[in-house]
There are 2 protein chains.
Amino acid sequence: MKELIAKYREKGLKITPQRLAIFKFLEGNTSHPSAEDIYRHIKKTYPAISFATIYNNLQALKERGEVLEITIDSQKRHYDPNTEPHHHIICTKCNKINDVFHDYSEAVRLPNYITEEFKPVGNHIDFYGICRTCQKKGGR
Amino acid sequence: MKELIAKYREKGLKITPQRLAIFKFLEGNTSHPSAEDIYRHIKKTYPAISFATIYNNLQALKERGEVLEITIDSQKRHYDPNTEPHHHIICTKCNKINDVFHDYSEAVRLPNYITEEFKPVGNHIDFYGICRTCQKKGGR
DNA sequence: TCTAATTTTAGAATAGTTATAATTTAGAAT
DNA sequence: ATTCTAAATTATAACTATTCTAAAATTAGA
Ligand SMILES: [Mn+2]
Ligand SMILES: [Mn+2]
Ligand SMILES: [Zn+2]
Ligand SMILES: [Zn+2]
């Protein structure tokens, strides 16, 4: 908490109550929330919060490498405060996104005809699956 | 051409000139166009074409498994008439999307803690890189 | 040729996101 | 503690991509 404040002060951000609430919500969060998910959560404590504040802060965090945009859902963007390289699995029924911590960098070597054309800079795997909960529901 | 018409008739679609133009544009297309890309192309031949027609037809094609939505660009959806499993590499400078034809299915086995929670149904790898053209431009 | 069902179209509606400008606030300087 | 200014928040407008609606036009089969 004290560290959270210090951390973001060092990054040149003024600490406001709304902002701090957003930081706290994201800290260690593995739910891959959308802007709206964040908005709804902060609204409980700060009912006057504006959507713009959510987007402004996500922007500030992105610029400072504290949050990553996930492009896995074509409807809306999701955000991930875990900036360590990792992958995701999304439930094709309920769209729940879970982390996949496994290093596939050796396994996914690009074929030569691609490296002749592109200088590789990274990769991300989207796995698709059906989560436990949805398996049960669908099983009927 | 004759086959194209027969193919879609069999799938229960009436053949209109606009529709046929869209099918022809997509046939074998590897550019991963957005709805707007398609619209702009068809507009050259059918200036009165509506955006709704583009989306209607993409919908019809999706339902019939003739086109896939690609979720790699958070701004807009892209479409791929190649429904064979394959992956993509996107240029982080100009957003060009190229195909990566390589079977990684053995290489990207999910860890157990995931398969205990999800029944896997597929995967897709987004590679990131810098294309030749952008390498030259950036080199200055 | 006639007709019913489908498709196209213009335009309105909606959802997600970004921009604008007035007001408020954080935190540094006094 | 008070003052000051840059930065942050807010309401709201604007914008972009996509979906919906309902009327008009077209297709394909009888
Ligand atoms: Mn994650
Ligand atoms: Mn492709
Ligand atoms: Zn699920
Ligand atoms: Zn490029």
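Keep in mind it's a predicted model, so treat the numbers as computed, not measured. Order of the sequence lines fixes the chain letters, A, B, ..., with proteins taken first and strands second; residue numbering starts at 1 for each chain.
Between atom NE2 of residue B/His32 and atom CG of residue B/Leu68 there is a gap of 10.0 Å, rounded to the nearest 0.5 Å.
When DNA chain C is scanned in the 5' to 3' direction for atoms under 4.0 Å from non-hydrogen atoms of chain B, the outermost contacting nucleotides are C/dA5 to C/dA10. Here the range on DNA chain D touched by chain A, meaning any atom under 4.0 Å from one of its heavy atoms, is D/dA6 to D/dA11.
The side chain to side chain donor-acceptor pair (under 3.5 Å) with A/His78 is formed by just one residue from the set A/Asp73, A/Asn95, A/Thr71; it is A/Asp73.
Listed by chain and number, the residues in a ring pair (Phe, Tyr, Trp, His ring centres under 6.0 Å) with A/His102 are A/Tyr104 (sequence neighbours excluded). Legend: residues meeting ring pair (Phe, Tyr, Trp, His ring centres under 6.0 Å) with A/Tyr55, ordered by chain and number and at least two apart, are A/Phe51. Scored by the side chain to side chain donor-acceptor pair (under 3.5 Å) test, A/Arg109 finds A/Glu106 as partners (sequence neighbours excluded).
Remark: the backbone N or O of B/Cys131 is not paired with any side-chain donor or acceptor of A/Glu117 at under 3.5 angstrom. Using modelled atom types, no side-chain atom of A/Arg77 and backbone atom of A/Ile72 make a donor-acceptor pair closer than 3.5 Å. The main-chain N or O of A/Tyr46 is never found under 3.5 Å from a side-chain atom of A/Gln18 such that the two would form a donor-acceptor pair. Panel note: side chain A/Asp99, backbone A/Phe101; no donor-acceptor pair is recorded below 3.5 Å.
Using a 4.0 Å cutoff on non-hydrogen atoms, no part of residues 30-39 of chain B comes near DNA chain C. Interface residues of residues 63-81 of chain A facing DNA chain C, ordered by number: A/Gln75, A/Lys76, A/Arg77; criterion, heavy-atom separation under 4.0 Å. Of the residues in residues 42-60 of chain A, those with a non-hydrogen atom less than 4.0 angstrom from any atom of DNA chain D are A/Ala48, A/Ile49, A/Ser50, A/Ala52, A/Thr53, A/Asn56, A/Asn57. Of the residues in residues 13-21 of chain B, those placing a heavy atom less than 4.0 Å from an atom of DNA chain D are B/Lys14, B/Ile15, B/Thr16, B/Pro17, in numerical order.
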Distance-only donor-acceptor pairs under 3.5 Å for side chains of residues 22-29 of chain B, two or more places apart:
| from | atom 1 | to | atom 2 | distance (Å) |
| --- | --- | --- | --- | --- |
| B/Asn29 | OD1 | B/Ser31 | N | 2.6 |
| B/Asn29 | OD1 | B/Ser31 | OG | 2.6 |
| B/Asn29 | ND2 | B/Phe25 | O | 3.2 |

Could you go through residues 3-16 of chain B and list every donor-acceptor pair under 3.5 Å that involves a side-chain atom there, pairing it with any protein atom two or more places apart or in another chain?
| from | atom 1 | to | atom 2 | distance (Å) |
| --- | --- | --- | --- | --- |
| B/Lys7 | NZ | B/Glu66 | OE1 | 3.2 |
| B/Lys11 | NZ | B/Glu66 | OE2 | 3.1 |
| B/Thr16 | OG1 | B/Arg19 | N | 3.1 |

Would you sort out whether A/Ile70 and A/His88 count as a side-chain contact (heavy atoms from CB on, under 4.5 Å), showing the intermediate values? CA-CA 9 Å; A/Ile70 311 190; A/His88 294 105; 3.6 Å; yes
Quick one, A/Phe118 with B/Tyr128, criterion side-chain contact (heavy atoms from CB on, under 4.5 Å). Give me CA distance, side-chain angles, the key distance, then yes/no. CA-CA 9 Å; A/Phe118 284 83; B/Tyr128 299 95; over 6 Å; no
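Closest approach of A/Pro33 to A/Asp37, counting heavy atoms only: CA-OD2, 3.4 Å. For A/Phe127 against B/Val108, the heavy-atom pair with the smallest separation is CE2-O, 3.2 Å. Considering every non-hydrogen atom in both B/His87 and B/Ile125, the closest pair reads ND1-N, 2.9 Å.
Using a 4.5 Å heavy-atom cutoff, the side chains of A/Asp80 and A/Val67 are not in contact. Using a 4.5 Å cut-off on side-chain heavy atoms (C-beta onward), B/Leu110 and A/Ile89 make contact.
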Dot-bracket for DNA chain C, please. Rules: Watson-Crick or G-U, both distances under 3.5 Å, ( ) within the strand, [ ] when a pair crosses earlier ones, | for another strand, . otherwise. ||||||||||||||||||||||||||||||
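Aromatic pair B/His86/B/His124: centroids not less than 6.0 angstrom apart.
Ionic pairing of B/Lys76 and B/Glu36 is not present here: no N-O contact between side-chain nitrogen and carboxylate oxygen is shorter than 4.0 angstrom.
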